[in-house]
2 protein chains.
Amino acid sequence: MTVLDDLDGKIIGLLAEDARKPLTEVAGQVGLSTSAVNERVRRLVAQGVIRRFTLDASPEALGLPVLALVWAAVPHAREAAFRSFAASHPGIVECHHVTGVWSYLLHLRVADLAGVETFLTELKSEDLLERSETMLALSTVRSAPWVPR
Amino acid sequence: MTVLDDLDGKIIGLLAEDARKPLTEVAGQVGLSTSAVNERVRRLVAQGVIRRFTLDASPEALGLPVLALVWAAVPHAREAAFRSFAASHPGIVECHHVTGVWSYLLHLRVADLAGVETFLTELKSEDLLERSETMLALSTVRSAPWVPR
DNA sequence: AGTGAAACAACCACACC
DNA sequence: GGTGTGGTTGTTTCACT
């Protein structure tokens, strides 16, 4: 199956820093030929180790400065509907099914607090929400890349 | 300041899908010349709208299948130390300062449950944790890109 | 801001190790 | 798996609009 050596790790690290870095440069930095790097990258993508090359954008620059963390209790009968809603809603950046008293934790990116209210109203009106509790991110020490959609 | 039109949005969308897509292709899809796209991408990066080109890797493939969501109460006097710890710890994927009874929400990527315990023990031993509550992600409906480090 | 052309650089298939 | 080569493709600069 999937066997990764430390050269694969280095290549992933370099392309994580800059996915558009020429493979010739990557090759120089890891001590392989361009062809070998090209082949390894092809293999890593084919294996699903690298899912895709993407970008990290600034939510503030795109008008979505508010990050809300929403705990949600979802009616059992509506779980499937909730999941497909969460998968397709553009404001939902993350959605995890979690242990504990709440069923799901969502990360929601919106323009302002009115956006949070609109979102919760939308969820309730589709009967996808029994109860919820929302926290706001005041500041972020470390964040995952943000990909607009 | 930052003015973005819908062509910028399209370009960002296409490169978010595949950051290594040739700009010649992007140009064809948005109806501009390659040079114009090149110039817009340069501008978007310079403005910080695009922070970087990166990749989305599989945490499972890299041996980190467990995602723990950790609420943390941090001693006031240790906040600065906590923040620099969180910023540099490789397992901490996200760290947000939040409203509500807990100070911080962390996302932790680890190999197994023992990794969660080790992490909490490490935090406590450096006096960075007053109390905490950990939830495990059972499954993920939608996730942000994961960038190994 | 955008275009088109030309010079340059990177990619990748292939023959060989 | 790896290297090196060379034809093909992509990038980038620049004169012009």
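Numbers restart at 1 for each chain; the letters A, B, ... are given by sequence-line order, proteins then strands. Because only heavy atoms are used, hydrogens play no part in the values below, and waters and symmetry mates are left out as well, while side chains stay in.
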Engineer: Do A:V93 and A:L108 have side-chain heavy atoms sitting under 4.5 Å apart?
Structural biologist: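 A:V93 does not reach A:L108 side chain to side chain.
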Engineer: Less than 6.0 angstrom from the centroid, inside 45 degrees of the normal: does B:R131 satisfy that with respect to the ring of B:W71?
Structural biologist: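 Negative - B:R131 is either too far from the ring of B:W71 or too far off its axis.
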Engineer: At a heavy-atom distance below 4.0 Å, what parts of residues 48-58 of chain A sit against DNA chain D?
Structural biologist: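 Those residues: none at all.
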Engineer: Over how many whole Å does the gap from A:E39 atom CD to C:dC12 atom P extend?
Structural biologist: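 Taking atom P of C:dC12 as the reference, CD of A:E39 is at 11 Å.
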Engineer: Would you call A:E60 and B:R51 a salt bridge, taking side-chain N to carboxylate O under 4.0 Å as the test?
Structural biologist: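 Result for this pair is yes, salt bridge flagged.
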Engineer: Report, one pair per line, the protein and nucleotides 13-17 of chain D atoms (nitrogen or oxygen only) whose separation is under 3.5 Å.
Structural biologist:
residue, atom, partner, partner atom, Å
D:dT13, O4, B:S35, OG, 3.3

Engineer: To the nearest 0.5 Å, what is the distance between CD1 (B:I92) and SG (B:C95)?
Structural biologist: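 These two atoms lie 6.0 Å from each other.
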Engineer: Where along residues 12-32 of chain A does a heavy atom come under 4.0 Å from DNA chain D, residue by residue in number order?
Structural biologist: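 Nucleic-acid contacts, sorted: A:R20, A:L32.
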Engineer: When the distance from CZ of B:R43 to P of C:dA1 is rounded to whole Å, what number comes out?
Structural biologist: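 It works out to 7 Å between those atoms.
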Engineer: I'd like to check the salt bridge (Lys or Arg N to Asp or Glu O under 4.0 Å) partners of B:R142; sequence neighbours left out, ordered by chain and number.
Structural biologist: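 B:R142 satisfies salt bridge (Lys or Arg N to Asp or Glu O under 4.0 Å) with no other residue.
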Engineer: State which residues pass salt bridge (Lys or Arg N to Asp or Glu O under 4.0 Å) with B:R109; sequence neighbours excluded, sorted by chain then number.
Structural biologist: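 Listed in chain order: nothing, the list is empty.
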Engineer: Does B:E25 have any salt bridge (Lys or Arg N to Asp or Glu O under 4.0 Å) partners at least two apart in sequence or in another chain, and if so, which?
Structural biologist: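 Per chain and number, B:E25 pairs via salt bridge (Lys or Arg N to Asp or Glu O under 4.0 Å) with no residue.
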Engineer: Can A:R40 and A:D5 be counted as an ion pair, charged N to O under 4.0 angstrom?
Structural biologist: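 Yes, this pair counts.
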Engineer: What is the distance, rounded to the nearest whole Å, between atom CG of A:L44 and atom P of D:dG1?
Structural biologist: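 Nearest whole value for this atom pair: 13 Å.
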Engineer: When you compare the side chain of B:L44 with that of B:D8, does any pair of heavy atoms fall below 4.5 Å?
Structural biologist: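 Of all side-chain heavy-atom pairs linking B:L44 with B:D8, at least one is under 4.5 Å.
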Engineer: Quick one: does B:L69's side chain get under 4.5 Å of B:H107's, heavy atoms only?
Structural biologist: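 They are in side-chain contact.
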